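Here the structure is a predicted model, which is why all the values come from computation and not from measurement.
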Amino acid sequence: MKFSRNASANWKGQIKAGMGTISTESTVLDGAKYAFGTRFEDGKGTNPEELIGAAHAGCYTMQLSAFLGEEDLTPENLHTDAKVTFEDGAITKVHLTLKGKVPGCDAETFEKIATKAKDNCPVSKLLKAKITLDATLEE
């Protein structure tokens, strides 16, 4: 399978006083605002790090669902948080926190499949940052 997806960014002005927008082909993001304050401070809007985190969490969780399915396990719920760390001008780490409810799955199998998904998710493969994972199987 081969496909492409499109997104765009537009920026006006200098780094601290300027402002930009991010849009996606699907229009889920359509002119979402981002700026220095939304990236490096607590301003309202989005930023590249949270978008990378959302993409990674979404990709990882779908990959995990596929790998569970290969073992005839059907998740009732999978929830992944992605914490993206930016320091000294670089994204240095992504930490995934997973909570899953998977009937018929034991903790050892869950951890094994969760780690396999972390290592094989297309976004994980793309990122060169250190990627860590905490996985919890809920009863």
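Residues L73 and P103 come closest through the heavy atom pair CD2-O, 3.9 Å. Of all the heavy atoms in A82 and A57, the pair that sits closest is CB-CB, 4.1 Å. A pairwise comparison of heavy atoms in Y34 and A9 identifies OH-CB, 3.7 Å as the closest pair. Contact between G31 and S23 at its shortest, heavy atoms only, is N-OG, 2.8 Å.
The 12-atom threshold is not exceeded at CD of Q14, counting heavy atoms of other residues, nucleotides or ligands nearer than 6.0 Å. At most 12 non-hydrogen atoms from other residues, nucleotides or ligands lie less than 6.0 angstrom from CD of E108.
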Criterion side chain to side chain contact (heavy atoms under 4.5 Å, CB included) on E50 and N47, from CA distance to verdict: CA-CA 6 Å; E50 77 176 4; N47 59 70; 3.7 Å; yes
Evaluation steps, side chain to side chain contact (heavy atoms under 4.5 Å, CB included), between L78 and L64: CA-CA 9 Å; L78 299 171; L64 176 58; 3.9 Å; yes
Audit row: V102, F110, side chain to side chain contact (heavy atoms under 4.5 Å, CB included) steps and yes/no: CA-CA 8 Å; V102 185; F110 185 71; 3.9 Å; yes
Derivation of the side chain to side chain contact (heavy atoms under 4.5 Å, CB included) call for I52 and I91: CA-CA 10 Å; I52 290 167; I91 294 171; 3.6 Å; yes
Verdict with supporting geometry, N77 and H79, side-chain hydrogen bond (donor to acceptor under 3.5 Å, both in side chains): CA-CA 7 Å; N77 188 58; H79 179 90; 5.8 Å; no
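The CG atom of D119 lies 9.0 Å from the CG atom of L133; values are rounded to the nearest 0.5 Å. Atoms CD and CD1, from Q63 and I113 in turn, are 11.5 Å apart once rounded to the nearest 0.5 Å. For the atom pair CD1 (I131) and SG (C121), the distance works out to 7.5 Å, reported to the nearest 0.5 Å.
When atom types are taken as modelled, the side chain of Y60 and the backbone of L98 share no donor-acceptor pair closer than 3.5 angstrom. S124 places a side-chain N or O within 3.5 Å of a backbone atom of K118 that can act as its donor or acceptor partner. Using a distance-only test at 3.5 Å, with no hydrogens or angles considered, no donor-acceptor pair links the side chain of T92 to the main chain of F86. Panel note: side chain T38, backbone T46; a donor-acceptor pair is recorded below 3.5 Å.
Under the 4.5 Å side-chain heavy-atom criterion for Ile, Leu, Val, Met, Phe, Trp and Tyr, L126 and V84 are members of distinct hydrophobic clusters.
No salt bridge links E25 with R5; every basic N to acidic carboxylate O contact stays at or beyond 4.0 Å.
For the pair L96/T132, no side-chain contact is recorded, criterion being any heavy-atom separation below 4.5 Å from C-beta on. Counting heavy atoms from C-beta on, the side chains of D134 and H95 come closer than 4.5 Å. In this structure the side chain of T97 never reaches within 4.5 angstrom of the side chain of K83, judged on heavy atoms. Annotation: side chain of K33 is in contact with side chain of M19 (closest heavy-atom distance under 4.5 Å). Looking only at side-chain heavy atoms (C-beta outward), L51 and I22 come within less than 4.5 Å of each other. Counting heavy atoms from C-beta on, the side chains of C105 and E71 never come closer than 4.5 Å. You'll find the side chain of N6 stays beyond 4.5 Å of the side chain of T24, heavy atoms only. K125 places a side-chain heavy atom less than 4.5 Å from the side chain of N120.
Counted by atom type alone, T109 and D106 present one or more donor-acceptor pairs between their side chains at under 3.5 Å.
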